[in-house]
Colleague: 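Submitted below is the structure of interest, expressed as structure tokens.
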Amino acid sequence: MSKATADTGPPIAPNSDSDVPEQVGVRKEKRSRLLESGKDPYPVQVPITDTIAAVLADHPDVPAGEMTGTVVAIAGRVIFARNTGKLCFANIHSGAGDAIQIMLSLDRVGADELAAWKSDVDIGDHVWIRGEVGASRRGQLSVFADEWGYAAKALRPLPVAHKELNEETRVRRRYLDLIMSPDARKIARQRVETLASLRASLTGRDYLEVETPILQTLHGGATARPFVTHMNAYDIDLYLRIAPELFLKRCVVGGLERVFDINRNFRNEGADSTHSPEFGMLEFYQAYADYNDMARITRELIQEAAQRVCGTLLVTHVDGSTHDLGGKWPEVRVYPALSAALGQEITPQTPSAELVRLCEAVDIKIDPNWLPGRLVEELLEHHVVAKFTGPTFVRDYPVDTSPLVRDHRSEADVVEKWDLYVGGFELATGYSELVDPVIQRERLLAQAQQSARGDVEAMALDEDFLEALEYGMPPTGGVGMGIDRLLMALTGLGIRDTILFPLVKPS
RNA sequence: GCACCGCUAGCUCAACUGGCAGAGCAGCAGACUCUUAAUCUGCGGGUUCGGGGUUCAAGUCCCCGGCGGUGUACCA
């Protein structure tokens with residue numbers, strides 16, 4: 001059963017630990033052997049002098065076969081190795097993906113170290129080497145090792161470098177995706193850049209970044225089904241926030257007139273390529289602004305983010321398609337746009353029965369409890385939104401589906417609300433906020449009644465919020481924008497690729 | 001939620017109408033001082049997602065369950 005053919009060294013017997021794969025057993029055996037021989041496979045520190053990126057940058061043009069005289073010590077993960085009799089090649093890369101070739105030759109490291117390298121180093125190991133920078137005979141920039149050691153030994157083999165990891169492994173073990181895929185590394189950084197851009201854009205406009213509670217005693221600020229948890233000390237149920245809105249408005253009441261919160265929201269609903277149960281959200285509120293101002297600022301925030309993250313307003317998606325986020329974006333109004341698309345006049349007064357008929361004509365499934373505004377929104381999605389090509393604002397929504405928005409200043413039964421559609425999905429929504437405490441109370445009471453009728457998404461009646469409004473909130477514009485969705489709009493990725501660790505069912 | 005497809009070695013994938021479970025890379029042993037998906041020789045590596053059933057015989061067919069993907073419905 002063991003391999004008895006070797007005559008130059010003992011074969012490495014797979015670790016007898018029963019359930020580990022053969023290759024893990026072999027690597028554990030190597031680890032033990034290193035420890036016994038006094039070589040630390042996991043040193044606390046390694047004597048590096050340079051990053052791989054710096055070595056690459058400092059030596060852009062070394063002629064084939066020439067040495068530079070510069071000695072460096074670098075560390076990286078072995079991603080590819082080629083051993084010949086007395087000369088070994090390996091490619092190591094940094095976390096950022098900068099890769100450089102290293103060479104170990106008999107005449108520089110000696111027979112023992114060369115043999116140790118060949119027998120013990122596996123693809124996936126972190127190693128350090130010290131040596132002279134030069135170029136191989138084929139012209140490949142390389143570090144010619146005089147000395148080497150481990151930075152951290154890997155016990156598991158890396159996936160094959162030249163095949164795509166399957167979707168499930170990429171999501172469940174994101175660290176492998178990050179090791180193997182430049183795109184995964186790129187999107188992780190693009191997310192950071194996007195957040196930094198939004199913060200810079202808002203703080204540059206005199207906004208304060210505030211933090212609002214995730215654990216809430218009431219769920220409000222959006223129509224969505226919340227997660228429920230329990231606090232033992234007070235013996236009460238708490239909700240994970242579905243939106244920060246009501247707290248940000250309390251800030252505005254309190255005189256923090258420009259506030260934003262970049263936050264994580266939780267909604268106990270479906271998950272698909274555009275929805276995650278926890279998702280990133282930016283909300284910002286500005287006193288003495290209305291929904292027109294907020295639309296302009298939103299466009300500027302997105303364009304500034306595109307410029308910073310992609311370097312251009314003509315962004316390229318992963319499928320190669322390009323999308324122009326530049327210029328001003330078209331605006332359409334809900335009722336006129338729907339009327340034009342249908343070839344018949346639709347107004348806030350159009351009876352439910354007629355809206356139901358129009359829905360049924362195009363096979364939109366409807367719920368008998370839906371208010372007319374909801375039917376209008378469904379028709380809008382089907383007839384208008386589905387035909388958008390570039391970023392588009394849709395504005396002036398029906399009142400009965402927007403309980404936190406103020407009535408339109410000149411039109412009856414619509415509210416000053418817009419939705420911004422980019423790439424086929426809703427990226428942001430903005431309001432002229434409802435600040436009249438009496439009307440707000442009526443709207444929330446209606447929500448509470450819907451809730452009592454069994455609507456799990458209806459907002460709770462938040463007395464504390466209503467009382468805050470009664471102290472007077474200045475006229476205010478507000479916006480909510482999906483962070484993950486902004487990444488999606490910039491890159492064309494699915495939502496789970498924009499989140500490092502999206503929720504996945506345990507396997 | 002519903003429909004369809006998938007799950008096989010560490011990874012990526014094969015396996016015909018049910019008939020000895022395979023390849024490439026990775027691993028082990030050997031050779032090789034200029035490779036770069038190195039090459040050459042040899043060798044190991046499997047609870048075929050889990051459970052049940054049909055059958056002389058199941059990766060394959062049937063049933064139940066799990067996870068994933070795609071489409072579809074709803075929420076952002």
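The sequence lines fix the lettering, A, B, ..., with proteins before strands; numbering per chain opens at 1.
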Colleague: In whole angstrom, what separates Glu381(A)'s CD from U72(B)'s P?
Modeller: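 Those two atoms, CD and P, are 14 Å apart.
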Colleague: Counting heavy atoms from C-beta on, name the nucleotide in C34(B), U12(B), C28(B) closest to the side chain of Leu165(A).
Modeller: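 Nearest nucleotide to the side chain: U12(B).
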Colleague: Ignoring hydrogens and angles, state whether a donor on the side chain of Gln286(A) or Thr476(A) is under 3.5 Å from an acceptor on the partner side chain.
Modeller: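 Distance-only check fails for Gln286(A) and Thr476(A).
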Colleague: For A21(B) versus U47(B), give the span between their C1' atoms, rounded off to a whole number of Å.
Modeller: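 Their C1' atoms lie roughly 14 Å apart.
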Colleague: Under a 3.5 Å cutoff on both atom distances, Watson-Crick or G-U, what's the dot-bracket for RNA chain B ([ ] crossing, | other strand)?
Modeller: (((((((..((((.....[..)))).(((((.......))))).....(((((..]....))))))))))))....
Colleague: A side-chain contact here means heavy atoms from C-beta on lying under 4.5 Å apart; do His59(A) and Thr70(A) qualify?
Modeller: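 Contact flag for His59(A)/Thr70(A) side chains = yes.
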Colleague: How far, in whole Å, is C13(B) from A29(B) if one measures between their C1' atoms?
Modeller: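 27 Å, rounded to whole Å.
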Colleague: Does Lys153(A) pair with Asp122(A) as a salt bridge, N-O distance under 4.0 Å?
Modeller: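 Salt bridge flag = yes for Asp122(A) with Lys153(A).
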Colleague: So, Glu300(A) and Arg296(A), do they make that salt bridge, N to O below 4.0 Å?
Modeller: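 Yes, this pair counts.
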Colleague: Count the heavy atoms belonging to other residues, nucleotides or ligands that lie under 6.0 Å from CZ of Arg225(A), then report whether that count exceeds 12.
Modeller: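 Open.
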Colleague: Can you give the donor-acceptor pairs under 3.5 Å from side chains of residues 478-491 of chain A to other protein atoms, not counting sequence neighbours?
Modeller:
unit_1    : atom_1 : unit_2    : atom_2 : d
Asp484(A) : OD1    : Arg191(A) : NH1    : 2.9
Asp484(A) : OD1    : Arg191(A) : NH2    : 3.0
Asp484(A) : OD2    : Gly280(A) : N      : 2.8
Arg485(A) : NE     : Thr274(A) : O      : 3.4
Arg485(A) : NH1    : Glu426(A) : O      : 2.8
Arg485(A) : NH2    : Thr274(A) : O      : 2.9
Arg485(A) : NH2    : His275(A) : NE2    : 3.3
Thr491(A) : OG1    : Leu487(A) : O      : 2.7
Thr491(A) : OG1    : Leu493(A) : N      : 3.2

Colleague: Could you measure between the two P atoms, the one in C28(B) and the one in C16(B), and give it in whole Å?
Modeller: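 These two P atoms come out 33 Å apart once rounded.
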Colleague: May I ask you to say whether Glu167(A) pairs ionically with Arg170(A), meaning some side-chain N is under 4.0 Å from a carboxylate O?
Modeller: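 Salt bridge between Glu167(A) and Arg170(A), a charged N being under 4.0 Å from a carboxylate O: yes.
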Colleague: Between atom CG in Asn83(A) and atom P in U36(B), what is the gap in whole Å?
Modeller: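 Taking atom P of U36(B) as the reference, CG of Asn83(A) is at 13 Å.
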Colleague: Can you tell me the distance, in whole Å, between the CG atom of Asp120(A) and the C1' atom of C28(B)?
Modeller: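 Nearest whole value for this atom pair: 13 Å.
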Colleague: From CE of Met180(A) over to P of A37(B), roughly how many Å is that when rounded to an integer?
Modeller: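 Distance check: Met180(A) CE to A37(B) P gives 14 Å.
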Colleague: The side chain of Met103(A) lies closest to which of these nucleotides: C11(B), C28(B), C34(B)?
Modeller: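 That would be C34(B).
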Colleague: Distance alone, cut at 3.5 Å: any donor-acceptor contact between the side chains of Arg77(A) and His93(A)?
Modeller: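 Arg77(A) vs His93(A): no donor-acceptor pair found between side chains.
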Colleague: Thinking salt bridges, do Glu433(A) and Arg406(A) make one under a 4.0 Å N-O criterion?
Modeller: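 Here Glu433(A) does not pair with Arg406(A) in a salt bridge, since their nearest N and O are not under 4.0 Å apart.
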Colleague: Shorter than 3.5 Å, N or O on both sides, protein versus nucleotides 47-50 of chain B: list them out with atom names.
Modeller:
none

Colleague: Please list, for nucleotides 66-69 of chain B, all pairs of protein and nucleotide N/O atoms separated by less than 3.5 Å.
Modeller:
unit_1 : atom_1 : unit_2    : atom_2 : d
C67(B) : O3'    : Arg172(A) : NH2    : 3.0
C67(B) : O2'    : Glu168(A) : OE2    : 2.6
C67(B) : O2'    : Arg172(A) : NH2    : 3.0
G68(B) : OP1    : Lys505(A) : N      : 3.3
G68(B) : O4'    : Glu168(A) : OE1    : 3.2
G69(B) : OP1    : Arg496(A) : NH2    : 2.1

Colleague: Taking atom P in both G44(B) and C63(B), what distance in whole Å separates the two?
Modeller: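 Between the two P atoms, the distance is 40 Å.
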Colleague: What is the separation between atom CD1 on Ile100(A) and atom P on U36(B), rounded to the nearest whole Å?
Modeller: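 Spelled out: CD1 on Ile100(A) to P on U36(B) is 18 Å.
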Colleague: P atom, C4(B) versus C11(B): distance in rounded Å?
Modeller: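 Taking atom P in both C4(B) and C11(B), they lie 29 Å apart.
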Colleague: So that I know where these two stand, are Trp117(A) and Trp148(A) an aromatic pair - ring centroids less than 6.0 Å apart?
Modeller: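 For Trp117(A) and Trp148(A), the ring centres are under 6.0 Å apart.
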Colleague: Between Glu381(A) and Tyr421(A), do the side chains contain a donor N or O and an acceptor N or O under 3.5 Å apart?
Modeller: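 Per modelled atom types, Tyr421(A) and Glu381(A) side chains form a pair under 3.5 Å.
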Colleague: Report yes or no: is the cationic atom of Lys417(A) (NZ for Lys, CZ for Arg) closer than 6.0 Å to the six-membered ring centre of Tyr397(A), at no more than 45° off its axis?
Modeller: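 Yes, a cation-pi geometry holds between Lys417(A) and Tyr397(A).
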Colleague: In this structure, which one of Arg108(A), Lys118(A), Lys39(A), Lys86(A) forms a salt bridge (Lys or Arg N to Asp or Glu O under 4.0 Å) with Glu113(A)?
Modeller: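 With Glu113(A) as partner, Arg108(A), Lys118(A), Lys39(A), Lys86(A) yield a single salt bridge (Lys or Arg N to Asp or Glu O under 4.0 Å), made by Lys39(A).
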Colleague: Give a yes-or-no answer on whether the side chains of Tyr291(A) and Arg395(A) include a donor-acceptor pair shorter than 3.5 Å.
Modeller: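 Judged by distance alone, the side chains do pair up.
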Colleague: What integer distance in Å separates Gln140(A):CD from U33(B):C1'?
Modeller: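 Distance, rounded to whole Å: 17 Å.
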Colleague: Whole angstrom is fine here: how far is it from NE2 in His93(A) over to P in A37(B)?
Modeller: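 Roughly 16 Å, once rounded to whole Å.
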Colleague: Polar-atom pairs under 3.5 Å, protein N or O versus N or O of nucleotides 74-76 of chain B: list them with distances, or write none.
Modeller:
unit_1 : atom_1 : unit_2    : atom_2 : d
C74(B) : OP1    : Glu378(A) : OE1    : 3.3
C74(B) : O3'    : Arg374(A) : NH2    : 2.8
C74(B) : N4     : Asp272(A) : OD2    : 2.9
C75(B) : OP1    : Arg374(A) : NE     : 3.2
C75(B) : OP1    : Arg374(A) : NH2    : 2.2
C75(B) : O2'    : Glu269(A) : OE1    : 2.5
C75(B) : O2'    : Glu269(A) : OE2    : 3.3
C75(B) : O2     : Glu269(A) : OE1    : 3.0
C75(B) : N3     : His275(A) : ND1    : 3.3
C75(B) : N3     : His275(A) : NE2    : 3.1
C75(B) : N4     : Asp272(A) : OD2    : 3.2
C75(B) : N4     : His275(A) : ND1    : 2.3
C75(B) : N4     : His275(A) : NE2    : 2.9
A76(B) : O3'    : Glu426(A) : OE1    : 2.9
A76(B) : O3'    : Arg485(A) : NH1    : 3.0
A76(B) : O2'    : His275(A) : NE2    : 3.3
A76(B) : O2'    : Arg485(A) : NH1    : 2.4
A76(B) : O2'    : Arg485(A) : NH2    : 2.4
A76(B) : N6     : Ser276(A) : O      : 2.8
A76(B) : N1     : Ser276(A) : N      : 3.3
A76(B) : N1     : Ser276(A) : O      : 3.0

Colleague: Is it the case that over 12 heavy atoms from other parts of the model lie below 6.0 angstrom from the CD atom of Glu164(A)?
Modeller: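 For Glu164(A), atom CD is not crowded (no more than 12 foreign heavy atoms under 6.0 Å).
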Colleague: Could you check how far CD of Glu164(A) sits from P of C11(B), rounded to whole Å?
Modeller: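 Distance check: Glu164(A) CD to C11(B) P gives 16 Å.
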Colleague: Atom pairs, N/O to N/O, protein against nucleotides 22-26 of chain B, distance under 3.5 Å?
Modeller:
unit_1 : atom_1 : unit_2   : atom_2 : d
A26(B) : O2'    : Gln23(A) : OE1    : 3.2
A26(B) : N3     : Gln23(A) : NE2    : 2.7

Colleague: We want to know whether Asp183(A) and Ser181(A) form a side-chain donor-acceptor pair, criterion being a heavy-atom distance below 3.5 angstrom.
Modeller: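 The answer is no; no qualifying pair exists.
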Colleague: Please report the distance separating the C1' of A14(B) from the corresponding atom of U8(B), rounded so that it comes out in whole Å.
Modeller: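 Those two atoms are separated by 9 Å.
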Colleague: Specify the residue among Gln101(A) and Lys118(A) whose closest nucleotide of RNA chain B lies further upstream toward the 5′ end.
Modeller: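 Going by which nucleotide is closer to the 5' end, it is Lys118(A).
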Colleague: I'd like to know if the side chain of Arg185(A) pairs up with that of Gln190(A) as donor and acceptor (distance under 3.5 Å, no hydrogens or angles considered).
Modeller: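 Not at all, the side chains of Arg185(A) and Gln190(A) share no donor-acceptor pair under 3.5 Å.
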